[in-house]
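Report on the structure given below.
The shown structure was predicted, so the numbers you read here are calculated from the model rather than taken from an experiment.
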Amino acid sequence: MLSRRIRVTGAPEAPLRAALAALRARLGVPEGFPPEVGEEAERAAKSPPPPSYDATDLPFFTLDPPGSPDLDQATHLSRRGTGYRVRYAIADVAAFVAPGGALDAEAQRRVNTLYFPDERVPLHPAVLSEGAASLLPGRTRPAVLWTIDLDAEGRALAVEVRRALVRSRARLDYAGVQRAIDTGTAEEPVALLREIGRARERQEAARGGISLTVPEQEITERDHTYALSYRAPLPAEAWNAQLSLLTGMAAADLMLARGTGILRTLPPAPDGAVARLRRTARALGIDWPHHVPYSAVISALDPRVPHHAAFLQECTTLLRGAGYTVFRDGALPAITTHAAMAAPYTHCTAPLRRLADRYALELSLSAASNDPPPDWVLAALDALPHRMADGAQRASTVEHESIDIVAAALLKDRVGETFDACVVDLDDHHAGVGTVQLASPAVLGRVEGPDLPLGDPLRVRLVKASPGSSGSPGTAKPLFIPA
């Protein structure tokens, strides 16, 4: 699930903290885990069943943002003749979560880890997600180990997946890896990340896929005011993401070949969504000639440029038709591909943070060994898309309303000022109401006025910006009128 990440650095002021707390309360976001869930997690953490295959001799490394406690994946990269071998270990959450138990029931209720600007609400208790199941360095852990052989151009030649014991040797972060690769000091298992990542990016472009380099919005509090900035992802983050995509596509292919599985599918974006994105491009000064395809515009943008970063944030709107599609007994669905991947794809690389991945991994293991899927997987399969859709809706609400709250905090001292803007959308149910994109700061707001000029430049005046107004959906969104 590609989302627009936003975080607040420093200590948020009371109105912002209160608004985010009120949002969590209104959405029924749990503050902690029930005692029986915590107790079951503690017991499971002490004695997971060990897999028979021992891969602890391989020097895996993890690559995540600094301080990340829930480490889902560990990697080992090597050369194989003129090509490459990718070993990708994924935390084996199923080794700790008993089907039908209290821990499983709570995961079914939560569905996803939720990310707020000021805190994270995890899918699993910390004793598992940050401890016994996390692929921490120097710790032996059960994992689902993928071995994928690639040719010199990055095309997958062979795939193997099995349960294994693994042991990460190093906990790396993106800035450190980027620096080591750029200076030529990275050892080969890390240095190959650039070669393999770039090869996979070329394969993606050749099949018509698109990877969004979505920057992270950062709100910094200084002297009771807020400033907006964007953190552009490093190339190493995109290369690492290609390994996850590679594994997700390999899992989808295995399940399709076997005839039972769960896919992450996305139809082509509707014309209306693309038209809205064109208006956003116009508001932000992004050149998008009508004859130029969306993919070409994306590839030409620099996420370090604030207006480009804001546009890339909005590009995630084209991915909101994504869903989960299950199939069984050889009856393949009508849509098997993900439009952004331009290939079959599934979520399977983040089981500590996403419920569906635990099931996709079990189905992949069964397909690879030619064994029937476990009964607990088959029993839950048909209900899983609906459950994941509910979780995605909750995560989307968190994302949109958090952005509104933070935008209001950013503008709270500028009520009465005028801004250059563009109306990017009109409310189908309320005349004279729309969404406006500001040029600077690059935030969205609500605009009210007669004859709003959709897609045209417009000067607007800010009449309301209150981060504490989060009592109902949309009430925190900054409000403008034509100037």
Side-chain angles (χ1 to χ4, degrees), residues 54-92 130 134-141 143-161 164-204 211 213-216 231-250 303-304 348-350 352-353:
D54 190 332
T56 55
D57 60 315
L58 291 170
F60 284 94
F61 63 87
T62 60
L63 181 53
D64 293 273
S68 295
D70 46 353
L71 307 182
D72 284 287
Q73 314 102 14
T75 306
H76 181 266
L77 306 174
S78 59
R79 297 190 185 278
R80 179 182 172 275
T82 60
Y84 310 96
R85 172 161 286 176
V86 175
R87 292 185 177 93
Y88 205 63
I90 302 172
D92 189 1
E130 301 178 17
S134 181
L135 303 183
L136 298 168
R139 310 288 180 87
T140 299
R141 293 288 188 258
V144 177
L145 176 58
W146 293 80
T147 302
I148 306 176
D149 290 338
L150 307 176
D151 66 13
E153 284 72 43
R155 290 183 289 262
L157 299 175
V159 176
E160 177 187 277
V161 58
L165 283 175
V166 301
R167 190 176 182 88
S168 173
R169 300 295 199 277
R171 181 176 186 166
L172 307 180
D173 62 72
Y174 292 114
V177 165
Q178 189 69 57
R179 185 165 52 250
I181 290 176
D182 290 345
T183 58
T185 58
E187 296 182 0
E188 182 171 273
V190 175
L192 284 175
L193 180 67
R194 176 168 57 184
E195 281 187 45
I196 296 172
R198 286 178 172 176
R200 291 300 302 173
E201 287 174 339
R202 290 190 293 270
Q203 289 296 319
E204 179 180 74
S211 285
T213 306
V214 181
E216 180 181 69
R231 188 195 69 81
L234 295 166
E237 296 177 62
W239 302 332
N240 191 50
Q242 286 295 330
L243 301 183
S244 178
L245 297 178
L246 170 67
T247 307
M249 288 187 280
R304 293 169 296 183
C348 69
T349 63
L352 291 175
R353 292 168 281 172

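- The minimum heavy-atom distance linking P66 with D173 is given by the pair CG-CB, 4.0 Å.
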Step-by-step side chain to side chain contact (heavy atoms under 4.5 Å, CB included) determination, V177 to N240 | CA-CA 11 Å; V177 165; N240 191 50; over 6 Å; no
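- To the nearest 0.5 angstrom, E160 atom CD is 5.0 Å from T147 atom OG1.
- Note that CZ of R139 is 9.5 Å distant from OG of S134, once rounded to the nearest 0.5 Å.
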Do R80 and L157 pass the side chain to side chain contact (heavy atoms under 4.5 Å, CB included) test, and can you show the C-alpha distance, the side-chain angles, and the key distance before you say yes or no?
-> CA-CA 11 Å; R80 179 182 172 275; L157 299 175; 4.3 Å; yes
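- Remark: of the listed residues T75, D64, V190, V190 is the sole one forming a side chain to side chain contact (heavy atoms under 4.5 Å, CB included) with L172.
- With hydrogens and angles ignored, the 3.5 Å screen pairs no side-chain donor or acceptor of R85 with any backbone N or O of D149.
- Y84 and E195 make their closest contact through OH-OE1, 2.8 Å (heavy atoms, listed as atom of the first residue, atom of the second, distance).
- Residues satisfying the side chain to side chain contact (heavy atoms under 4.5 Å, CB included) test with Q178, not counting sequence neighbours, are D182, L234, P235, A236, W239.
- Across all non-hydrogen atoms, the minimal contact from A55 to A164 is CB-CB, 4.3 Å.
- The side-chain heavy atoms of S168 and R141, taken from C-beta on, include no pair separated by under 4.5 Å.
- Annotation for A238 and E201: closest pair CB-OE2, 3.7 Å, computed over non-hydrogen atoms.
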Side chain to side chain contact (heavy atoms under 4.5 Å, CB included) between V159 and W146, worked out | CA-CA 7 Å; V159 176; W146 293 80; 3.8 Å; yes
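- At most 12 non-hydrogen atoms from other residues, nucleotides or ligands lie less than 6.0 angstrom from CD of E187.
- Residues R194 and R198 are in side-chain contact: their nearest non-hydrogen atoms beyond the backbone lie under 4.5 Å apart.
- With contacts defined as side-chain heavy-atom distances shorter than 4.5 Å, the pair H76/V166 does not qualify.
- Between R171 and L71, the closest side-chain pair of non-hydrogen atoms falls below 4.5 Å.
- I148 places none of its side-chain heavy atoms less than 4.5 Å from the side chain of L243.
- Summarising the geometry of L135 relative to T62, their closest heavy-atom pair is O-CG2, 3.4 Å, with the distance given to 0.1 Å.
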With side chain to side chain contact (heavy atoms under 4.5 Å, CB included) as the test, would you mind laying out the steps for R87 and L58 before giving the verdict?
-> CA-CA 9 Å; R87 292 185 177 93; L58 291 170; 3.2 Å; yes
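- Taking both residues in full, the closest heavy atoms of Q203 and R155 are given as OE1-CG, 3.3 Å, listed atom of the first, atom of the second, then distance.
- Looking at residues two or more places apart in sequence or on another chain, you find a side chain to side chain contact (heavy atoms under 4.5 Å, CB included) between A180 and T185, A186.
- Side-chain contact between F60 and L145 is present, with at least one heavy-atom pair separated by less than 4.5 Å.
- Distance check: I90 CD1 to S244 OG gives 7.5 Å after rounding to the nearest 0.5 Å.
- Residues I196 and Q242 fail the side-chain proximity criterion, which asks for heavy atoms closer than 4.5 Å.
- When L246, T247, D72 are each tested for a side chain to side chain contact (heavy atoms under 4.5 Å, CB included) with T349, only one passes: T247.
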